[in-house]
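Remarks on the structure that follows.
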Amino acid sequence: KIVEERGKFQDPVTKSGGILIGTVKEIGAALQGKTEAEVGDRIATLVSLSLTPLKIYEITGIDTDTEQVFCKADAILFESGIYTKLPEDLGAPLSLALMDIAGAPAQVAVHAKAGDTVVVEGAGKAGLLCLAEAKKRVSPTGLVVCMEYSEQCELVRSLGIADLVVQADGQKPLEAYEAYLKATGGRLADFSVNTVNVPNTELSSILVTKDTGMIYFFSMSTDFAKASLGAEGIKKYVPMLIGNGYYPGHAAIAFDIVRREEKLRRYLEARYCKGN
């Protein structure tokens, strides 16, 4: 109904839309011979479906666990639209899952440096990849901290992608801050990433980040007025990045993470490649 009314998939709650994978059906005359993709190639679009003209003819399946919809449909990718060919070794469902959040670990790769303390709030799909990339970037003298409120804490520990796991509710910023200080001995973050998909977690990320550090708000649940005014209200000078899902080479970074992190790959394959 959303697509039929708007011509695109624009989630009325998150305002985002995810991405798609499909087969190139046709290339416009002005672009023929000028793109890496050819008719028949399987690609993942790296631009949100909230911006992609879409026509759905039939929904053939919905997987609520992986949040993927299988359908017969046509989409239009503009000349400026970014995409990547699907890697043969990872499979379509896993590739789709990775591409939807590839912008997050790419920002970790750019901003996390050896010796830094990096905090990742939230241990969903994006959070897991950010943690794994942070471990690579800050080793051997840095510290990677996961802040998560759910049973995902045990998963992070089993995957070995964080030095510390702090179980805390980011919607209760003072409690989360106190738990973080106790676990780290007061070592605030040089770079923080908020991947939590619920509102009202902005202040918890601000509190655990040092002055002149940096916060990357990847979550579409972020209220930037709360983030800005919250930092002002507690006298915290900390630059904040908006969660732009694109960075040059971000697809390759995401693919590289799951190729080198065997435990993480096995978890993601079990979750997203059921029956595929």
Side-chain angles (χ1 to χ4, degrees), residues 8-20 44-52 67 80-84 95-113 116 118-134 137 144-149 152 161 170-171 173 176 189-209 213-232 236-255 257:
K8 303 176 180 69
F9 180 62
Q10 299 171 336
D11 189 302
V13 177
T14 66
K15 307 299 188 291
S16 60
I19 62 171
L20 64 82
T45 61
L46 301 177
V47 61
S48 174
L49 288 178
S50 62
L51 305 171
T52 305
E67 302 169 338
S80 59
I82 49 178
Y83 66 90
T84 185
S95 297
L96 179 61
L98 295 174
M99 291 304 90
D100 194 29
I101 49 84
Q107 291 296 335
V108 175
V110 172
H111 293 287
K113 305 180 298 297
D116 278 356
V118 175
V119 176
V120 178
E121 189 169 357
K125 182 174 54 175
L128 294 176
L129 265 69
C130 287
L131 288 166
E133 186 64 18
R137 299 290 172 173
V144 177
V145 183
C146 172
M147 286 183 60
E148 167 64 36
Y149 78 96
Q152 287 286 101
I161 53 177
Q171 292 181 308
D190 298 284
F191 185 61
S192 296
V193 185
N194 187 315
T195 67
V196 180
N197 61 358
V198 295
N200 301 319
T201 64
E202 297 85 0
L203 201 57
S204 57
S205 292
I206 293 168
L207 284 169
V208 303
T209 308
M214 181 177 287
I215 304 173
Y216 177 54
F217 285 108
F218 182 70
S219 170
M220 291 298 103
S221 299
T222 302
D223 185 321
F224 292 98
K226 288 181 180 179
S228 176
L229 297 176
E232 178 183 311
K236 179 66 73 81
Y237 172 65
V238 54
M240 292 175 273
L241 297 174
I242 296 175
N244 183 349
Y246 172 68
Y247 183 82
H250 67 325
I253 291 171
F255 292 150
I257 292 171

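The first residue in the sequence is number 1, and the count goes up from there.
- Here the side chains of L241 and H111 are in contact, with some heavy-atom distance below 4.5 Å.
- Atoms CZ and CD1, from F9 and I19 in turn, are 13.0 Å apart once rounded to the nearest 0.5 Å.
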Given the rule in the side-chain contact (heavy atoms from CB on, under 4.5 Å) test, do V198 and S221 qualify, once you have shown the distances and angles that lead to the verdict?
CA-CA 6 Å; V198 295; S221 299; 5.5 Å; no
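- To the nearest 0.5 Å, atom CD1 of residue I101 and atom CG of residue L129 are 4.5 Å apart.
- We find the OG1-CG distance between T222 and N200 to be 10.5 Å, quoted to the nearest 0.5 Å.
- The two residues L46 and A251 make their nearest non-hydrogen contact at CD1-CB, 4.2 Å.
- In this structure a side-chain-to-backbone donor-acceptor pair under 3.5 Å is present from S219 to V196.
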Given the rule in the side-chain contact (heavy atoms from CB on, under 4.5 Å) test, do L203 and K226 qualify, once you have shown the distances and angles that lead to the verdict?
CA-CA 8 Å; L203 201 57; K226 288 181 180 179; over 6 Å; no
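- The structure places CD of Q10 at 7.5 Å from CG of L51, a figure rounded to the nearest 0.5 Å.
- The shortest heavy-atom contact between A106 and Y247 is CB-CB, 4.0 Å.
- Residue Y83 places its OH atom among more than 12 non-hydrogen atoms of other residues, nucleotides or ligands, all under 6.0 Å distant.
- For the atom pair SG (C130) and CD1 (I257), the distance works out to 7.5 Å, reported to the nearest 0.5 Å.
- No hydrogens or angles considered: a donor-acceptor pair under 3.5 Å links the side chains of N194 and T201.
- Nearest heavy atoms, K236 versus L207: NZ-O, 3.5 Å.
- Within the structure, every pair that satisfies the salt bridge (charged side-chain N to carboxylate O under 4.0 Å, His left out) test and touches residues 120-133, not counting sequence neighbours, is listed here: E133-R137, E133-R260.
- Using bins of under 30°, 30° to 60° and over 60° for the plane-to-plane angle, the ring pair H250/Y246 lands in the perpendicular bin.
- Here the options are I161, V118, V119, L131, the test is side-chain contact (heavy atoms from CB on, under 4.5 Å), and the partner is C146; only L131 passes.
- M147 approaches A176 most closely through the heavy-atom pair CE-CB, 3.7 Å.
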In sequence, state the C-alpha distance, the side-chain angles, and the governing distance for V193 and Q107, and then conclude on side-chain contact (heavy atoms from CB on, under 4.5 Å).
CA-CA 9 Å; V193 185; Q107 291 296 335; over 6 Å; no
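- Counting all heavy atoms, side chain and backbone alike, T209 lies closest to S192 at OG1-OG, 2.7 Å.
- For the atom pair OG of S48 and CG of D100, the computed distance is 8.5 Å after rounding to the nearest 0.5 Å.
- The shortest heavy-atom contact between F217 and S205 is CE2-CB, 4.2 Å.
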